[in-house]
Amino acid sequence: MYKQKTKETDNSVIEFIESVDHPKKREDAYTLLDIFAETTGYEAKMWGPSIIGFGSYHYKYDSGHEGDAPLVGFSPRKAKISLYFATGDTERESLLKDLGKHTTGKACVYINKVEDIHVDILKALINQSVKFLQETYPNP
C-alpha cells in the first residue's frame, strides 16, 4: 500500500529558512513567507523536510489513492525556488503567462528569485489555486 511521504510536520519554518545557505535565497524565502501567509490567511507549516505549505486539503483519486497536501506552498531549493500550486486548474496557464521569468514542471513553478516575477500575479495564482482546490476537494 502507498505511504504518503510528504506530511505536515511540527518542524520550525523559521529554522528551516535560516538553514538556507544562500543569503539572497533566504531573503526571498522570507518575502515569499509573508506573501503566501498574507494572501492565504493560513499559518505556514513544514511539509516534509523542505516544503513550506499553507492550508491543507484531503484528496482522494478514482484509483483509491488518497492523502493530505498543502493548498499552496514553496521551497527554497538549491537550484531554484519551487512554487506549489494546484495541478489540473485550467486558469493556472493564463496566469502563468504574466508571472514573469519562470519555468514549469508537472506540479511546480520554478523561479530564480522573487524580483524576476510580478508579485500581484503570484498572489492571483495563490488565490486561484486555493479556490480551485477547495472547490475540487471540499471538506466533508
Side-chain angles (χ1 to χ4, degrees):
M1 186 165 130
Y2 174 81
K3 187 124 169 95
Q4 186 175 341
K5 292 182 206 154
T6 307
K7 295 181 180 178
E8 186 179 318
T9 71
D10 290 328
N11 295 346
S12 166
V13 170
I14 300 302
E15 283 179 22
F16 171 67
I17 292 174
E18 285 298 317
S19 75
V20 173
D21 286 339
H22 195 278
K24 177 64 178 138
K25 198 157 280 179
R26 193 167 46 245
E27 180 185 320
D28 279 350
Y30 280 117
T31 300
L32 290 169
L33 180 66
D34 289 343
I35 292 168
F36 275 76
E38 181 183 300
T39 305
T40 65
Y42 291 108
E43 181 183 349
K45 301 278 187 176
M46 290 303 301
W47 286 75
S50 61
I51 296 173
I52 300 169
F54 300 82
S56 66
Y57 69 100
H58 185 79
Y59 60 86
K60 185 170 185 172
Y61 300 136
D62 292 339
S63 66
H65 173 82
E66 65 181 296
D68 297 297
L71 291 166
V72 290
F74 71 92
S75 183
R77 309 261 186 211
K78 262 197 188 345
K80 293 183 181 267
I81 298 169
S82 299
L83 306 174
Y84 300 95
F85 303 113
T87 55
D89 181 4
T90 55
E91 291 188 40
R92 175 176 134 154
E93 291 308 312
S94 63
L95 287 169
L96 285 174
K97 287 188 311 192
D98 299 321
L99 180 62
K101 187 177 173 186
H102 73 281
T103 56
T104 57
K106 185 176 180 185
C108 299
V109 174
Y110 304 101
I111 63 171
N112 290 318
K113 52 191 183 290
V114 173
E115 53 198 47
D116 285 345
I117 62 169
H118 299 285
V119 171
D120 56 333
I121 302 297
L122 172 61
K123 290 179 180 179
L125 277 161
I126 292 167
N127 284 325
Q128 178 55 34
S129 188
V130 168
K131 179 178 181 254
F132 174 80
L133 289 170
Q134 288 176 334
E135 289 173 355
T136 305
Y137 302 99
N139 287 333

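All values below were derived from every heavy atom in this structure, side-chain atoms included, with hydrogens, water molecules and symmetry-related copies excluded. These figures come from a predicted structure and were not determined experimentally.
Among pairs with a residue in residues 17-45, those fulfilling salt bridge (charged side-chain N to carboxylate O under 4.0 Å, His left out) read D21-K78, K24-E27, K24-D28, K24-E115, E38-K123, at least two apart in sequence or across chains. Applying the salt bridge (charged side-chain N to carboxylate O under 4.0 Å, His left out) definition to pairs two or more places apart or across chains, none involves residues 48-57.
Atom CH2 of W47 is separated from atom CD1 of I52 by 13.5 Å, given to the nearest 0.5 angstrom. The distance from atom CD of E135 to atom CG of D89, rounded to the nearest 0.5 Å, is 9.0 Å. The distance from atom NE2 of H22 to atom CD1 of I81, rounded to the nearest 0.5 Å, is 10.5 Å. How far CG of L99 is from CD1 of I117: 5.0 Å, rounded to the nearest 0.5 Å.
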Steps toward side-chain contact (heavy atoms from CB on, under 4.5 Å) verdict (K101, I111): CA-CA 7 Å; K101 187 177 173 186; I111 63 171; over 6 Å; no

side-chain contact (heavy atoms from CB on, under 4.5 Å) assessment of L33 paired with I14: CA-CA 10 Å; L33 180 66; I14 300 302; 4.1 Å; yes

Steps toward side-chain contact (heavy atoms from CB on, under 4.5 Å) verdict (R77, I51): CA-CA 9 Å; R77 309 261 186 211; I51 296 173; 3.8 Å; yes

side-chain contact (heavy atoms from CB on, under 4.5 Å) between K97 and I121, intermediate numbers included: CA-CA 9 Å; K97 287 188 311 192; I121 302 297; over 6 Å; no

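Residues N11 and M46 share a closest heavy-atom pair of O-CG, 3.4 Å. Contact between D68 and Y59 at its shortest, heavy atoms only, is N-CE2, 3.8 Å. Taking both residues in full, the closest heavy atoms of F132 and T87 are given as CE2-O, 3.5 Å, listed atom of the first, atom of the second, then distance. For G100 against H102, the heavy-atom pair with the smallest separation is O-ND1, 2.8 Å.
Between F36 and F74, the ring-plane angle classifies as tilted under the 30° and 60° cut-offs.
Although no hydrogens or angles enter the test, the distance criterion places a donor-acceptor pair under 3.5 Å between the side chain of S129 and the main chain of A86. A donor-acceptor pair is defined here as one N or O able to donate and one able to accept, closer than 3.5 Å; such a pair exists between the side chain of S19 and the backbone of F16.
Residues L95 and Y110 do not share a hydrophobic cluster, defined by chaining ILVMFWY side chains whose heavy atoms lie under 4.5 Å apart. When the side chains of ILVMFWY residues are joined at heavy-atom separations under 4.5 Å, either directly or via intervening members, Y84 and V20 end up in two distinct hydrophobic clusters. Transitive grouping of hydrophobic side chains (ILVMFWY, heavy atoms separated by less than 4.5 Å) brings I35 and L96 into a common cluster. Follow the hydrophobic side-chain contacts under 4.5 Å out from L32 and you reach Y42 in the same cluster.
The closest side-chain heavy-atom distance from L71 to F54 is not below 4.5 Å. For the pair E66/H58, a side-chain contact is recorded, criterion being any heavy-atom separation below 4.5 Å from C-beta on. Between F85 and L122, some side-chain heavy-atom pair lies under the 4.5 Å cut-off. By the 4.5 Å heavy-atom criterion applied to side chains, Q134 and V130 are counted as neighbours.
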